[in-house]
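Reading through the structure tokens given below for one structure.
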Amino acid sequence: MADTSNQAWLARSQAAVWHPCTQMQHHAQTGSPTHLPLVPIARGQGAWLYDFDGRRYLDGISSWWTNLFGHANPRINAALKAQLETLEHVMLAGFTHQPVVELSERLSALTGGALGHAFYASDGASATEIALKMSFHYWRNVGRPEKAEFLCLAGSYHGETVGALAVTDVALFKDAYAPLVRAATVVPSPDFRLAEAGESPADVARRAAAALAEHLEKHGANIAALIVEPLVQGAAGMAMYDPEYLRLARELCDRHEVHLICDEIAVGCGRTGSFFAHEQAEIRPDLMCLSKGISGGYLPLSIVLCSDTIYAAFLDDSVSRAFLHSHSYTGNPLACRAALATLDIFAADDVIAGNRRKAEQIAAALAPLAGHPQVEHLRQRGMISAFDVTTDDPYFSRKFYRAALDNEALIRPIGNTVYLMPPYIVSDAEIAHLGQAIGAALNTALHHG
Ligand SMILES: *Cc1c(COP(=O)(O)O)cnc(C)c1O
């Protein structure tokens, strides 16, 4: 009989699967400080993942920020089974289908009709590329081809394909490919950890907006769009900022005729306390990217929503003025059905209100860390909580990660930033479990790792 233990699966995976965001050699270095465990998962249920040896892990980061309502969610499963029996896929050029129409209508309604046109792809980086191309092509179509540059924030992350790397300011992901990338201009981040003595988060936001204003005064005529992660810059290490920045950025973009692209791939779908993060600034972007949580963490799906003005600039007899971008699985019915089932749960369960209570419980579970001598910037925005650990240990993040797994929790720090982004179905007991796992992992990583 075939060996179905963890050990067998991880050996086969190490041999045949090239894992993402990983130095593969680190998987093999058992016992070394660089060792990164590889965990074979047999099944998932609710907030929990189970391996082949009967161990379990509470998914404290929603499997890379995708899973909103738990693994093997009965409602999403049922919707997908029904869709599977009806239509698994059809090309979206020249054809359409019920899930893609309904999803587009519902997303438009969620933006109050401001972003009424939905374009589909399969992953977040593609959504970024689509938004950049749409903005660039819009300016060309309206006779302003000189507006061809992009702005992004320091520490920004918008994906890792060659086009998306142009607006991603994370050296680790970008430097090796710099010669391939037509880099955007980086403007200061409103990250409130950058506050100088006496400055409030809103002051930091105003200071960053002043730098944006100065750049736009000089170069606005050549700029197509500013792309931002509203309220929380995820891959930068959960850098959080005041909504004031988005209000000011919206005004500045209007004044200088620059598109505002909100990348809500990580922060959308209720993660920050409102359905879209940008709502907290009472603004609307010209273009919005969605992915990750929109399909409930089930299937690869991304969407770019745009305004009537942008859409209208592509309507013409000429094919070359059209947006000719496409992917084979554009608008896949199963992925759209998973997204509709996800939106149904939001509506039926009043998830946004429920998350407010959960966010308070998470805050309470992490509150004792505020007194820890090596913890700083304990912070939270809705269902994202984070803190930074002051340590010179270059192996802190993987020591913490390993120790968290030993404490039945999947918590994968970004550098020295530990964060929680649990599924919204996380229970009180599970929140307590995450709090205890963090305390124990911190102790092990700092003192015994
Ligand atoms: C994850 C992420 C992306 C990229 O999405 P992929 O599906 O990984 O390509 C883009 N922007 C933000 C803000 C993200 O968090």
Side-chain angles (χ1 to χ4, degrees), residues 18-22 61-68 119-135 150-170 172-174 177 181 184 186 189-191 225-241 245-246 249 260-272 275-278 285 287-305 325 327 329-330 332 335 338-339 342 381-384 386 412-415 417 419-421:
W18 197 338
H19 291 268
C21 204
T22 300
I61 60 166
S62 298
S63 287
W64 261 351
W65 324 346
T66 59
N67 189 293
L68 301 189
F119 196 95
Y120 288 81
S122 312
D123 55 71
S126 298
T128 296
E129 302 224 1
I130 287 163
L132 297 179
K133 283 176 71 177
M134 266 184 190
S135 173
F150 297 104
L151 299 181
C152 64
L153 299 184
S156 58
Y157 181 93
H158 299 288
E160 293 169 53
T161 54
V162 171
L165 278 178
V167 289
T168 285
D169 182 43
V170 179
L172 192 61
F173 300 141
K174 187 167 186 170
Y177 311 102
V181 174
V186 177
S189 164
D191 178 356
L226 163 70
I227 184 165
V228 297
E229 294 159 85
L231 300 186
V232 184
Q233 294 182 275
M238 302 301 154
M240 299 186 184
Y241 63 87
Y245 184 79
L246 296 174
L260 178 62
I261 304 172
C262 281
D263 175 351
E264 297 250 2
I265 290 168
V267 294
C269 303
R271 190 48 80 175
T272 67
F275 191 81
F276 299 122
H278 70 256
L287 291 150
M288 172 160 58
C289 304
L290 291 173
S291 189
K292 291 205 166 100
I294 189 65
S295 70
Y298 265 69
L299 286 160
L301 177 69
S302 66
I303 303 151
V304 176
L305 298 173
H325 191 102
H327 297 281
Y329 283 99
T330 298
N332 174 257
T342 299
R381 172 82 64 181
M383 293 295 280
I384 307 176
R412 191 179 147 115
I414 300 172
T417 299
Y419 71 92
L420 285 181
M421 250 165 107

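Numbering of ligands and ligand atoms starts at 1, following listing order. The model shown is predicted, which means the values in this text are computed figures rather than measured ones.
In this structure, atom 11 (N) of ligand 1 lies nearest to the protein heavy atom D263 OD2, 2.6 Å. Of the protein's non-hydrogen atoms, A125 N, 2.8 Å is the one closest to atom 9 (O) of ligand 1. Of the protein's non-hydrogen atoms, the one nearest atom 1 (C) of ligand 1 is K292 NZ, 1.5 Å. Nearest protein neighbour of atom 5 (O) of ligand 1, counting heavy atoms only, is G124 CA, 3.1 Å.
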**Message:** Working note: C269 + L68, criterion side chain to side chain contact (heavy atoms under 4.5 Å, CB included); need CA distance, chi angles, decisive distance, verdict.
**Reply:** CA-CA 8 Å; C269 303; L68 301 189; 3.8 Å; yes
**Request:** Dump the intermediate steps for side chain to side chain contact (heavy atoms under 4.5 Å, CB included) on V228 and C262, then the final yes or no.
**Result:** CA-CA 5 Å; V228 297; C262 281; 4.2 Å; yes
**Request:** List the steps and the verdict of side chain to side chain contact (heavy atoms under 4.5 Å, CB included) for I130 and M134.
**Result:** CA-CA 6 Å; I130 287 163; M134 266 184 190; 3.9 Å; yes
**Request:** Verify side chain to side chain contact (heavy atoms under 4.5 Å, CB included) between I414 and Y419, making sure each step is shown before the conclusion.
**Result:** CA-CA 8 Å; I414 300 172; Y419 71 92; 3.7 Å; yes
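Contact annotation: for I265 versus ligand 1, heavy atoms closer than 4.0 Å belong to the side chain alone.
Every side-chain contact (heavy atoms from CB on, under 4.5 Å) that A154 has, sequence neighbours left out, goes to D169, V186, S189. Listed by chain and number, the residues in a side chain to side chain donor-acceptor pair (under 3.5 Å) with S126 are D123 (sequence neighbours excluded).
Between W65 and ligand 1, a contact under 3.5 Å exists for no N or O pair.
Near A266, with a cut-off below 4.0 Å to any heavy atom, the atoms of ligand 1 are 15 (O). Listed by number with element, the atoms of ligand 1 under 4.0 angstrom from any heavy atom of H158 are 10 (C), 11 (N). Contact atoms of ligand 1 toward G159: 4 (C), 10 (C) (distance under 4.0 Å to a heavy atom of the residue).
For atom 15 (O) of ligand 1, the nearest protein heavy atom is under 4.0 Å away.
Other residues, nucleotides and ligands place no more than 12 heavy atoms under 6.0 Å from the OH atom of Y329.
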